[in-house]
Peer 1: 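One structure coming up, written as structure tokens, with questions to follow.
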There are 2 protein chains.
Amino acid sequence: MAASRTGPNMTQIAKAVGVSSATVSNALSGKGRVSPELVEKIRAKAAELGYVPSSAGRALRTGRSNVLGLVLPDISNPLFPQIAQAMESAASDAGYGVLIADSRGDVTTQTQAIARLIERGVDGLVVIPRRGTRIGSVSCPVAMVDTPSTPGNTVSADHWEGGAQLARHLLDLGHRKFLFVGHDRASNVQNDRIGGMKSALGNDVSHETIWIEPMLRRQGDDASLGLLGHVTSGVTAIAAVSDLHALRVLTELQTAGIKVPEQVSVTGFDDLVFAPVVTPSLTTVHMDMTRIAQIAIAALTKEIEGPRTTTVTNTGEIDTPEIDHKNGATVQQTVKADTSKVSMKLMVRASSGPAASPDTQARMEKLYNGD
Amino acid sequence: MAASRTGPNMTQIAKAVGVSSATVSNALSGKGRVSPELVEKIRAKAAELGYVPSSAGRALRTGRSNVLGLVLPDISNPLFPQIAQAMESAASDAGYGVLIADSRGDVTTQTQAIARLIERGVDGLVVIPRRGTRIGSVSCPVAMVDTPSTPGNTVSADHWEGGAQLARHLLDLGHRKFLFVGHDRASNVQNDRIGGMKSALGNDVSHETIWIEPMLRRQGDDASLGLLGHVTSGVTAIAAVSDLHALRVLTELQTAGIKVPEQVSVTGFDDLVFAPVVTPSLTTVHMDMTRIAQIAIAALTKEIEGPRTTTVTNTGEIDTPEIDHKNGATVQQTVKADTSKVSMKLMVRASSGPAASPDTQARMEKLYNGD
DNA sequence: GAACACTGATTAAACGATTAATCACGTCAT
DNA sequence: ATGACGTGATTAATCGTTTAATCAGTGTTC
């Protein structure tokens, strides 16, 4: 039950062409000194035989697998498809494969998942941490994607500024009484988003925040959020920290007979796949995952291909100046080494509209309640 | 810039304990003949030094990478998280890692993605094909996950039977006029689901099918589905082929002031993450992805670890009888070698209810239209 | 014309784990 | 006592690629 390799290897090509295997290696990689004609001949023979380099052999020799690990907090997160797609694409462009690991929302599992990836020999990790978990020291470069306010973050969307944009949009529409809907107090992302929204509000604006997760835990998964009460007391804008929760809000309001956006505006975050297809389509804030992924991958590959070989062995300089000439291929943008944030994009759709005046509101309410 | 391995290797352990590296290998793998005391000593030393086996070295020698490739039609598919999670989990239990590849909905890209995975040395592939694409011959075992009616399918949910279950549920509630909402005529999955639903209907039941994708192409992405017309003409049950489309239907109806499920029942498929959290919560049909993944992975690992080493070299027997004693670890259920289907589970929630009688319906309609 | 540089190729040694073949040694039966 | 056998370990080859070191030529230069 030995190695079940199918195709030919370098030695076979070498024999077929009549040269040494080193020459084949040099010809195919373009590294050593090989005459142009020979390069062409070797290329042709390799193609003819359907040669596929053995990643195992290469990995063993070079010490690099050209595979990155993607550690996800909870794959069932609806934002995950976007993340995975963007990361896979960026990694693929940079010549890397992506090995996934799901931490199922659990910190212990996350640690195990990371360990498994390391054992598989990944060259680096992209970690989207569970609720701002710190990652213990690992033996390979790590890029964290969380929020700018998380220590150790490498790159992320500027959730705060995205929140501010959204709030300004709602302010412009005349809204002065806000309800923020969060899921989980411990989430850095959610706190940033709500913080950003609050920061844009003036003194004449009132706001309140409710958290879904504790409500569900107390009252069961199908608990009502009691939005009707808030609407009756004058709230005209409900901003959820995710489209998923915005959807919950939207349908709860619609079932209660409240018109969106005529009576209440509803907004979300993330621009999930369903945001444009619901009625009314959801005003939300879009993350440029493609760019985030590019930056994360670029930061990682730079560190992998750069000088600092292992963990923290060398104490001295941290600067890595002379390595930007070789990767003129994929990501052109400058990549801030330390931590960078990518701005979000407001997507104005149909679920946000002018604030109803208190009069209008009272009238409509009467219409619906008193039949 | 040589290999940047961090930890110790077998030779170092061997030296530290005072034995040969072969003994270390045997001790850690439990394969050769090593005295129990020595095994313990080697184990201890390995743990002490923090030994992590080199997957590259092992892969090179054994010819197996212990990595599987997961080829997805379109990562942005909202069902993908479930798939990826289930596959990762099943693969991980079987000792395999999962390398992802996105084909971005394109057949050419899919071929390239598969090629990249092969180059990375995957031991097998799980392919969720784009619209029943046939996979060209590849040099490693492949498990296809599509529909039972697709040739070459390995395992899938029994979409047909799931559709039948759902239709029976709606029939039991008294519905006699159905509207099916599909997205794309070319999808095997969607055809199976609709076919299954139709198969359960009797002669006294009328039904019609609309397809979203052509409508969007003609009228733009925010096109209305014109559901109001169907409802006016007596449809009481609208069954979409996916929760995503069911959500579209639901919110369009709600916006039009039609009560769900009082006037119209709405159902979906897939039990996507938002299905339980919208109001009314969505009646849908759940896929047992965990089981599907287990079967797919088991089929794959069986073929990988089994006798048939490469592609189609041997013409004779396809039976592989004597290899079921060694995998008594993870998946206990018997795995049908050829093609197997996993039954779906009806999730009855709030969006489906008793059919309104024609009278009731007319009355409610009057109430809403004539105010 | 001899030292020298340059070019285009080869040699051989890794990388780390696995494993068939072998060996030393003690036990046991004949 | 001698050959057979079993046990616990070692030896050495192998997987396929990369690369530093080396080498044989061919011009070049003073």
Side-chain angles (χ1 to χ4, degrees), chain A residues 1-42 46 49-66 95 118-121 123 305 309-310, chain B residues 1-42 46 49-66 95 118-121 123 305 309-310:
Chain A
M1 215 166 291
S4 63
R5 283 273 302 175
T6 328
N9 54 25
M10 287 198 161
T11 316
Q12 294 182 31
I13 297 179
K15 219 171 288 174
V17 179
V19 293
S20 74
S21 69
T23 303
V24 174
S25 175
N26 284 329
L28 294 178
S29 68
K31 278 193 173 171
R33 291 184 296 223
V34 190
S35 67
E37 314 87 71
L38 198 45
V39 167
E40 196 39 56
K41 213 155 89 181
I42 289 173
L49 298 178
Y51 169 70
V52 177
S54 151
S55 49
R58 177 176 292 163
L60 178 57
R61 175 63 226 244
T62 63
R64 293 218 310 258
S65 61
N66 280 312
I118 302 269
E119 281 181 33
R120 287 240 138 71
D123 294 335
E305 287 154 20
T309 41
T310 43
Chain B
M1 213 166 293
S4 63
R5 283 274 302 175
T6 326
N9 53 25
M10 285 199 161
T11 316
Q12 295 182 30
I13 296 180
K15 219 171 288 175
V17 179
V19 295
S20 74
S21 68
T23 304
V24 175
S25 174
N26 284 329
L28 294 179
S29 68
K31 279 195 173 171
R33 292 184 297 221
V34 190
S35 68
E37 314 88 69
L38 199 44
V39 167
E40 197 40 54
K41 214 156 85 180
I42 290 172
L49 298 178
Y51 169 70
V52 177
S54 151
S55 49
R58 178 177 291 162
L60 179 58
R61 176 63 226 242
T62 63
R64 291 219 312 258
S65 60
N66 279 313
I118 303 270
E119 282 180 31
R120 289 240 136 70
D123 293 336
E305 287 153 21
T309 42
T310 43

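Residue numbering restarts at 1 for every chain, and letters A, B, ... go by the order of the sequence lines.
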Peer 1: Given D:dT17, D:dA12, D:dT19, identify the nucleotide with an atom nearest to the side chain of A:Thr11.
Peer 2: D:dT17

Peer 1: Quick check on D:dG8: is either OP1 or OP2 less than 4.0 Å from any side-chain nitrogen or oxygen of B:Thr23?
Peer 2: no

Peer 1: Can you find a donor-acceptor pair, distance only, under 3.5 Å between B:Arg61 side chain and D:dT14 base?
Peer 2: yes

Peer 1: Counting just side-chain N and O atoms, does A:Lys31 come under 4.0 Å of either OP1 or OP2 of D:dT19?
Peer 2: yes

Peer 1: For B:Gly95 and A:Arg120, work out which heavy atoms get closest and say how close.
Peer 2: O-NH2, 2.7 Å

Peer 1: Judged by each residue's nearest nucleotide on DNA chain D, which is more toward the 5′ side, B:Gly57 or B:Glu37?
Peer 2: B:Glu37

Peer 1: B:Ile13 has an atom CD1; how far is it from atom C1' of C:dG16, in whole Å?
Peer 2: 11 Å

Peer 1: If I take atom NZ in residue A:Lys15 and atom C1' in nucleotide C:dT10, what distance separates them, rounded to the nearest angstrom?
Peer 2: 16 Å

Peer 1: As an exercise, state the distance from CD1 of B:Ile42 to OG of B:Ser35, rounded to the nearest 0.5 Å.
Peer 2: 8.0 Å

Peer 1: Could you check how far CG of B:Asn26 sits from P of D:dG8, rounded to whole Å?
Peer 2: 12 Å

Peer 1: Between P on C:dA14 and CG on B:Asn9, what's the gap in Å once rounded to a whole number?
Peer 2: 13 Å

Peer 1: Among C:dT11, C:dA17, D:dT11, which nucleotide sits nearest the side chain of B:Tyr51?
Peer 2: C:dA17

Peer 1: Across the strands shown, which category fits A:Ser25 at heavy-atom distances under 4.0 angstrom: base, sugar-phosphate, nothing?
Peer 2: base

Peer 1: With side chain to side chain contact (heavy atoms under 4.5 Å, CB included) as the test, pick out the partner of B:Thr23 among B:Val34, B:Ile13, B:Leu28.
Peer 2: B:Val34

Peer 1: Where the side chain of B:Ser20 is defined as all heavy atoms beyond and including C-beta, which of C:dA9, D:dT10, D:dT17 is the nearest nucleotide?
Peer 2: D:dT10

Peer 1: Without decimals, in angstroms, what is the distance between B:Arg58 CZ and C:dT19 C1'?
Peer 2: 14 Å

Peer 1: Quickly work out the B:Glu119 CD to D:dG16 P distance and round it to whole Å.
Peer 2: 16 Å

Peer 1: Give one of base, sugar-phosphate or nothing for A:Val19, where a contact means two heavy atoms less than 4.0 Å apart.
Peer 2: sugar-phosphate

Peer 1: Please tell me if A:Ser54 has a side-chain N or O lying less than 4.0 Å from either OP1 or OP2 of D:dG16.
Peer 2: no

Peer 1: If we ignore hydrogens and angles and just use 3.5 Å, is the side chain of B:Asp123 paired with the main-chain N or O of B:Ser65 as donor and acceptor?
Peer 2: yes

Peer 1: Could you state the interatomic distance from OG (B:Ser55) to CG (B:Leu60), rounded to the nearest 0.5 Å?
Peer 2: 11.5 Å

Peer 1: To the nearest angstrom, how far is A:Met10 atom CE from C:dA14 atom P?
Peer 2: 20 Å

Peer 1: Select from A:Leu38 and A:Ser21 the residue whose nearest nucleotide in DNA chain C is closer to the 5' end of that strand.
Peer 2: A:Leu38

Peer 1: Starting from C1' on C:dT11, measure out to CZ on A:Arg33 and report it in whole angstrom.
Peer 2: 15 Å

